[in-house]
Amino acid sequence: MNLAEVLLNALKDHGVEEIFGIPGDFALPFFKVAEESEILPLYTFSHEPTVGYAADAAARCHGKPSVAAITYGAGGFNMVNPIAAAYAEKSPVVVISGGPGEGDRSTGLLVHHQAKSLNSQLEVYKEVTCDQVILNDIARAPEDIARVLASCIKHSRPVYIEIPRDLVFHDCEEVVSYKPDTQQVHEAALDACVSATLEQLQRAKSPVLVVGVEIRRFGIEQETAALAKRLGIPVVTTLMGRGLLNGMDVPLQGTYLGGAGDPELTRLVEESDMPVLLGVILTDGNFGVSEKKMDFRKIILASDGNVSMGYHIYPEIPLQSFISELNRRAHNLESASKPVLPVAQNYPCNLQADEQKITPTDIAAAINDLFHKQGAMPIAADMGDCFFTTLDIEETDLVAPGFYATMGFGVPAGFGMQAATGKRPIVLVGDGAFQMTGWELLNARRYGWNPIVIVFNNSSWEMLRTFQPESKFNDLPQLNYAGIGNELGGVGQRVTNRAELQTALGTAVADEDNFYLIEAIIESGDLSNTLSNFVAGITKMREAAGQ
Ligand SMILES: Cc1ncc(Cc2c([C@H](C)O)sc(CCOP(=O)(O)OP(=O)(O)O)c2C)c(N)n1
Ligand SMILES: [Mg+2]
């Protein structure tokens with residue numbers, strides 16, 4: 001077997017189900033083997049950011065690694081931002097880059113696509129991955145591949161593998177069959193940590209469970225739901241954890257949004273004497289608009305492989321071990337004097353199909369009505385007010401750059417979702433973000449993908465305008481996105497009122513043979529409820545801080 005086949009088989013053994021990529025001369029040999037071996041399906045796109053975003057979304061859907069393959073230099077540097085986003089949001093993407101071979105390195109000449117040094121790309125990717133290797137030693141390759149892929153799974157973070165173009169066809173030993181890296185947990189430390197947690201919970205008067213994105217990344221949603229039921233205390237999700245524990249019969253109260261969210265729920269979290277944060281990443285998006293500065297000394301935080309409570313830190317306690325041990329030992333705590341019931345979220349619905357102009361909330365209502373009629377669809381959201389609109393849409397599988405907040409994610413993530421799940425997604429994207437990667441819809445037909453893309457066309461960088469209304473650069477050109485949708489191989493429909501929106505959505509859902517681009521005309525200044533609250537929350541905080 002050659003090095004590329006060994007790598008492809010190892011990827012498959014580690015749960016990878018597809019490769020997204022764009023080749024180049026440094027990567028042609030690897031792509032040749034990938035295409036001809038058919039070990040994994042290969043999807044190529046038009047611009048490398050799409051490769052990274054699609055692989056990120058597929059990895060999130062699988063809860064397992066997915067692959068972003070590119071050429072060296074021009075391709076690799078083009079994809080740094082999407083991999084930074086995957087790193088920040090703990091998505092296990094395997095970056096595979098073709099690279100210069102021994103022949104290239106020994107000419108003494110500068111090599112095309114080279115920036116500073118031949119290892120510059122490796123150095124840059126060290127900042128956005130948790131493990132890396134250049135496979136320039138065939139004898140070590142099986143061990144190096146096993147180590148890097150195990151790191152990807154253990155940390156749920158991207159990794160970087162560079163394969164020199166002159167080694168791709170060299171014979172190579174196979175990677176030994178993959179054994180999940182069962183992290184050795186220090187039993188006594190785990191026991192002490194769980195005992196301390198249960199004692200604190202027993203004493204707490206108003207404990208609350210806050211769940212975050214790691215419980216999905218590490219595939220422990222069911223165990224977390226079982227724990228939430230067993231503890232019998234209120235549960236909320238973070239902004240990034242939106243959609244977690246959906247439909248799992250837990251006392252879910254909603255999504256914590258600080259000053260931008262439901263005041264009752266905000267008080268529940270911020271006035272709790274024992275917030276227990278499971279798999280939560282402490283980000284400004286998750287906690288930035290807290291009404292009261294959260295007192296992190298009183299919280300229990302299990303994240304990134306450690307557990308902290310007050311000034312104590314228990315290192316090397318994997319989230320999975322912590323939750324399963326809590327489940328094993330937790331009993332109904334007295335604090336749940338009366339059963340905590342899930343709070344029904346009042347999402348907008350029953351859209352009035354009239355001549356009124358369209359607002360982001362109307363789009364949410366139209367989607368909720370659709371879900372009530374024919375069941376939920378997965379959603380990929382870009383960054384912009386379309387992302388905040390998802391908080392008004394009923395729980396469904398959702399991928400979005402909720403923390404790292406990069407634009408351009410939406411359409412590629414819709415591709416990644418459909419490749420990974422086979423389900424038709426709805427993609428929500430602003431006109432500004434569509435201008436970045438929306439063109440990739442030209443690739444939908446070749447793979448039989450048929451997303452329903454809703455472009456929030458306010459001809460504006462509206463999110464920026466909310467913070468800096470005086471800037472003229474927030475005005476965007478008026479484009480005919482519906483016409484562009486037709487040109488890209490799908491069906492484009494421009495809708496200017498709520499009746500047209502409802503009709504277009506119904507038409508799109510009924511036609512499985514095409515991707516649809518529904519261009520919703522939205523007036524500049526019309527914001528989603530959540531973005532309005534976020535802006536108000538942040539403005540209030542800045543005024544309070546005298547900014
Ligand atoms: C790749 C990239 N470039 C720039 C930004 C900054 C930025 C935003 C965030 C704050 O960083 S929101 C925003 C405007 C988005 O415009 P559009 O897609 O039309 O959505 P909407 O009109 O709903 O705002 C920009 C430029 C970003 N997040 N990601
Ligand atoms: Mg816009």
Side-chain angles (χ1 to χ4, degrees), residues 47-54 56 77-89 128 239-240 260 283-286 288-289 357-364 379-393 400-414 427-441 453-469 471-482 484 494-495 517-535 537-539 542:
H47 194 207
E48 284 85 358
T50 297
V51 172
Y53 293 136
D56 177 350
F77 288 123
N78 238 355
M79 197 173 71
V80 173
N81 180 55
I83 303 306
Y87 186 91
E89 305 211 8
V128 291
L239 177 58
M240 277 181 75
T283 67
D284 53 5
N286 283 339
V289 280
K357 65 181 179 165
I358 299 164
T359 66
T361 307
D362 293 327
I363 293 175
I379 292 181
D382 215 300
M383 180 40 62
D385 199 14
C386 62
F387 166 68
F388 295 96
T389 304
T390 64
L391 288 147
D392 280 329
I393 295 172
F403 159 47
Y404 185 75
T406 182
M407 289 160 69
F409 184 83
V411 167
V427 175
L428 305 181
V429 57
D431 53 319
F434 186 89
Q435 291 167 15
M436 292 185 177
T437 54
W439 315 103
E440 292 285 353
L441 285 170
V453 180
I454 303 179
V455 177
F456 290 47
N457 183 10
N458 49 21
S459 300
S460 163
W461 281 336
E462 197 61 20
M463 259 193 84
L464 300 187
R465 191 191 303 279
T466 58
F467 292 109
Q468 196 164 299
S471 298
K472 302 248 177 312
F473 51 63
N474 290 320
D475 300 330
L476 296 185
Q478 308 262 349
L479 281 184
N480 173 5
Y481 293 96
I484 290 168
R494 169 174 284 197
V495 294
L517 190 159
I518 298 176
E519 176 192 0
I521 302 299
I522 296 175
E523 235 169 68
S524 179
D526 280 348
L527 304 179
S528 67
N529 302 326
T530 307
L531 181 56
S532 309
N533 295 337
F534 249 102
V535 172
I538 289 172
T539 310
R542 283 182 180 165

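For ligands, and for the atoms within them, numbers begin at 1 and follow the listed sequence.
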Quiz prompt | SB check R465 D475 (cutoff 4.0 Å) | solution =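 A salt bridge links R465 with D475.
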Sub-3.5 Å pairs, protein N or O with ligand 1 N or O:
{"residue": "ligand 1", "atom": "18 (O)", "partner": "G432", "partner atom": "N", "Å": "3.4"}
{"residue": "ligand 1", "atom": "18 (O)", "partner": "A433", "partner atom": "N", "Å": "2.9"}
{"residue": "ligand 1", "atom": "19 (O)", "partner": "D431", "partner atom": "N", "Å": "3.4"}
{"residue": "ligand 1", "atom": "19 (O)", "partner": "D431", "partner atom": "OD1", "Å": "2.8"}
{"residue": "ligand 1", "atom": "19 (O)", "partner": "G432", "partner atom": "N", "Å": "2.8"}
{"residue": "ligand 1", "atom": "19 (O)", "partner": "S460", "partner atom": "O", "Å": "3.0"}
{"residue": "ligand 1", "atom": "22 (O)", "partner": "N458", "partner atom": "OD1", "Å": "3.2"}
{"residue": "ligand 1", "atom": "22 (O)", "partner": "N458", "partner atom": "ND2", "Å": "3.0"}
{"residue": "ligand 1", "atom": "22 (O)", "partner": "S460", "partner atom": "O", "Å": "2.9"}
{"residue": "ligand 1", "atom": "22 (O)", "partner": "E462", "partner atom": "N", "Å": "3.1"}
{"residue": "ligand 1", "atom": "23 (O)", "partner": "D385", "partner atom": "N", "Å": "2.8"}
{"residue": "ligand 1", "atom": "24 (O)", "partner": "E462", "partner atom": "N", "Å": "3.3"}
{"residue": "ligand 1", "atom": "24 (O)", "partner": "M463", "partner atom": "N", "Å": "2.8"}
{"residue": "ligand 1", "atom": "28 (N)", "partner": "A405", "partner atom": "O", "Å": "2.8"}
{"residue": "ligand 1", "atom": "29 (N)", "partner": "M407", "partner atom": "N", "Å": "3.0"}

Self-check item: Working for side-chain contact (heavy atoms from CB on, under 4.5 Å), residues N81 and Y53
Solution: CA-CA 9 Å; N81 180 55; Y53 293 136; 3.0 Å; yes
Given side chains that start at C-beta, do those of [X] and [Y] come closer than 4.5 Å, heavy atoms only?
X    : Y    : value
F456 : T389 : yes
D382 : L428 : no
N529 : D392 : yes
T406 : M383 : no

Exercise. Decide side-chain contact (heavy atoms from CB on, under 4.5 Å) for Y481 and Q435; before the verdict, give the C-alpha distance in whole Å, the side-chain angles of both, and the deciding distance to 0.1 Å.
Key: CA-CA 10 Å; Y481 293 96; Q435 291 167 15; 2.9 Å; yes
Practice problem: List the steps and the verdict of side-chain contact (heavy atoms from CB on, under 4.5 Å) for I454 and V429. | Solution: CA-CA 6 Å; I454 303 179; V429 57; over 6 Å; no
Quiz prompt | T390 and T530: CA distance, side-chain angles, deciding distance, side-chain contact (heavy atoms from CB on, under 4.5 Å) verdict | solution = CA-CA 9 Å; T390 64; T530 307; over 6 Å; no
Exercise. Can you check the number of protein N/O/S atoms within less than 2.8 Å of the Mg ion (ligand 2)?
Key: 3
